[in-house]
Protein chains: 2
Amino acid sequence: MGATKTDHFTDQQNKIANIAKALGHPARIAIIEYLMKANECICGDIVNELPLAQPTVSQHLKELKNAGLIKGNIEGNSICYCIDEKTIETINKYFSKVINSVSKAKCC
Amino acid sequence: MGATKTDHFTDQQNKIANIAKALGHPARIAIIEYLMKANECICGDIVNELPLAQPTVSQHLKELKNAGLIKGNIEGNSICYCIDEKTIETINKYFSKVINSVSKAKCC
DNA sequence: AATTAATATTGCAATATTACGATAATGATT
DNA sequence: AATCATTATCGTAATATTGCAATATTAATT
């Protein structure tokens, strides 16, 4: 064993878990924060900003892209990355829902 | 290699990544949702609700607890679990911040 | 067409995660 | 004190993730 039993859970549960998983690494949070700070599309640069080798950063970018957290537009021979709001909104709404349901009943 | 280079990132980045990582598994999302649905502290039951063996569920509960996402109160010979709002609020605020920064400048 | 620059892919070693059977620990019940 | 119920821990196999050197790909530049 060792593989996650995704088929035992709902699509919604797998979807939220996938987004969270993609954000579950400090390098990927750092990438998101760099895109926030820049406040515009960033072509290149990201590799120089992180304390990791180019192939490693490329891999992290791929994972963020697969999870729908960032978008990449090809711009000449470089690629222009930015945050995909929709996905961030999806989890933000999800956690808001969690908070609302919890605040109704306190016990611990 | 293979170990995450946590010391190359800020405490804040590691903290957010850790919370996200803990939520990055459908079983742990299912646990959170069960605690939401119950709307009260749940003693036991969680194991019966999930399609996983008892030791596996126990391990997932431990990870959620370590990340500060749930609290566990000992109640006789069983344990009473509920969601820890504070941590959910932490990431919710964080993602709100991300959304705010993105909506300012659209390009992709 | 050769060179340069930017990014992606491959392949692999080190480490982490997932899952569970077996067993231990703890508290309630008899 | 023996038994039962509940939860945790240990040990281990299967799989996934992380990181990077080497290499490939792609597009611009010379």
Side-chain angles (χ1 to χ4, degrees), chain A residues 1-9 13-14 17-31 34-35 41-67 69-82 108, chain B residues 1-9 13-14 17-31 34-35 41-67 69-82 108:
Chain A
M1 320 264 152
T4 300
K5 290 184 160 183
T6 46
D7 50 318
H8 288 70
F9 302 99
Q13 286 167 343
N14 282 311
N18 260 328
I19 299 171
K21 192 178 181 181
L23 290 164
H25 193 291
R28 296 195 286 267
I29 293 293
I31 290 171
Y34 183 60
L35 292 175
C41 285
I42 290 299
C43 302
D45 293 354
I46 299 176
V47 171
N48 306 320
E49 280 291 313
L50 293 187
L52 296 167
Q54 180 268 323
T56 309
V57 174
S58 185
Q59 200 173 277
H60 283 308
L61 287 167
K62 192 179 177 184
E63 277 170 68
L64 286 170
K65 212 165 141 192
N66 284 341
L69 284 158
I70 62 173
K71 288 181 284 189
N73 277 40
I74 296 168
E75 193 118 326
N77 64 344
S78 71
I79 293 182
C80 197
Y81 283 108
C82 62
C108 291
Chain B
M1 320 266 152
T4 300
K5 290 184 159 181
T6 46
D7 50 318
H8 287 70
F9 302 99
Q13 287 167 342
N14 282 310
N18 261 327
I19 299 171
K21 193 176 180 181
L23 291 164
H25 193 290
R28 296 195 287 267
I29 293 294
I31 290 171
Y34 184 60
L35 293 176
C41 285
I42 290 299
C43 302
D45 294 351
I46 299 177
V47 172
N48 306 321
E49 282 289 313
L50 292 187
L52 296 167
Q54 181 268 321
T56 309
V57 175
S58 185
Q59 202 172 275
H60 283 307
L61 287 167
K62 192 180 177 185
E63 276 170 69
L64 285 170
K65 212 164 142 191
N66 283 342
L69 284 158
I70 62 172
K71 288 180 283 191
N73 277 40
I74 297 166
E75 193 116 329
N77 63 344
S78 71
I79 293 182
C80 197
Y81 283 108
C82 61
C108 291

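The chains referred to below are lettered A, B, ... by the order of the sequence lines, with proteins before strands, and numbering in each begins at 1.
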**OP:** Taking the side chain as every heavy atom from C-beta outward, state whether B:His60 and B:Leu64 have any pair of such atoms under 4.5 Å apart.
**Re:** no

Original post:
At under 4.0 Å between heavy atoms, what does B:Glu75 touch on the DNA or RNA strands: base, sugar-phosphate, or nothing?
Top reply: nothing

Original post:
Could you state the CG-C1' distance from B:Asn73 to D:dT7, rounded to the nearest angstrom?
Top reply: 15 Å

**OP:** Check every strand shown and say whether B:Ser78 touches a base, only sugar-phosphate, or nothing at a heavy-atom separation below 4.0 Å.
**Re:** sugar-phosphate

Subject >> Distance in angstrom units between B:Ile79 CD1 and D:dA8 P, rounded >> reply: 4 Å

Original post:
In whole angstrom, what separates B:Lys65's NZ from D:dT9's C1'?
Top reply: 13 Å

Original post:
Which whole-number value in Å describes the distance from A:Gln59 CD to D:dT17 C1'?
Top reply: 8 Å

**OP:** Measure the distance from NE2 on B:His25 to P on D:dT17 and round it to the nearest whole Å.
**Re:** 11 Å

Subject >> Value in whole Å for how far the P atom of C:dT18 lies from CG of B:Leu64 >> reply: 11 Å

**OP:** Would you indicate whether the side-chain heavy atoms of B:Ile19 and A:Leu23 approach each other to under 4.5 Å?
**Re:** no

Original post:
When the distance from CD1 of A:Ile74 to C1' of C:dA6 is rounded to whole Å, what number comes out?
Top reply: 12 Å

Original post:
Using a cut-off of less than 4.0 Å, is there contact between a side-chain N or O of A:Lys5 and OP1 or OP2 of C:dC20?
Top reply: yes

**OP:** Name the nucleic acid region contacted by B:Thr4, choosing base, sugar-phosphate or nothing; use a 4.0 angstrom heavy-atom cut-off, strictly under.
**Re:** sugar-phosphate

**OP:** Could you state the atom-to-atom distance from NE2 of A:His8 to C1' of C:dA19 in whole Å?
**Re:** 11 Å

Original post:
Taking only N and O in the side chain of B:Ser58, is any of them less than 4.0 Å away from OP1 or OP2 of D:dT7?
Top reply: no

Original post:
Are any non-hydrogen side-chain atoms of A:Leu69 and A:Arg28 less than 4.5 angstrom apart?
Top reply: no

Original post:
Quick one: on DNA chain D, does A:Arg28 or A:Gly76 contact a more 5' nucleotide (nearest heavy atom)?
Top reply: A:Arg28

Original post:
Are A:Tyr34 and A:Asp45 close enough that some pair of their side-chain heavy atoms sits under 4.5 Å apart?
Top reply: yes

Original post:
Checking only heavy atoms, does the side chain of A:Gln54 share a donor-acceptor pair with the base of C:dA8 at less than 3.5 Å?
Top reply: yes

**OP:** Map B:Ile42 and A:Gly24 onto DNA chain D by nearest heavy atom, then report which one ends up closer to the 5' terminus.
**Re:** B:Ile42

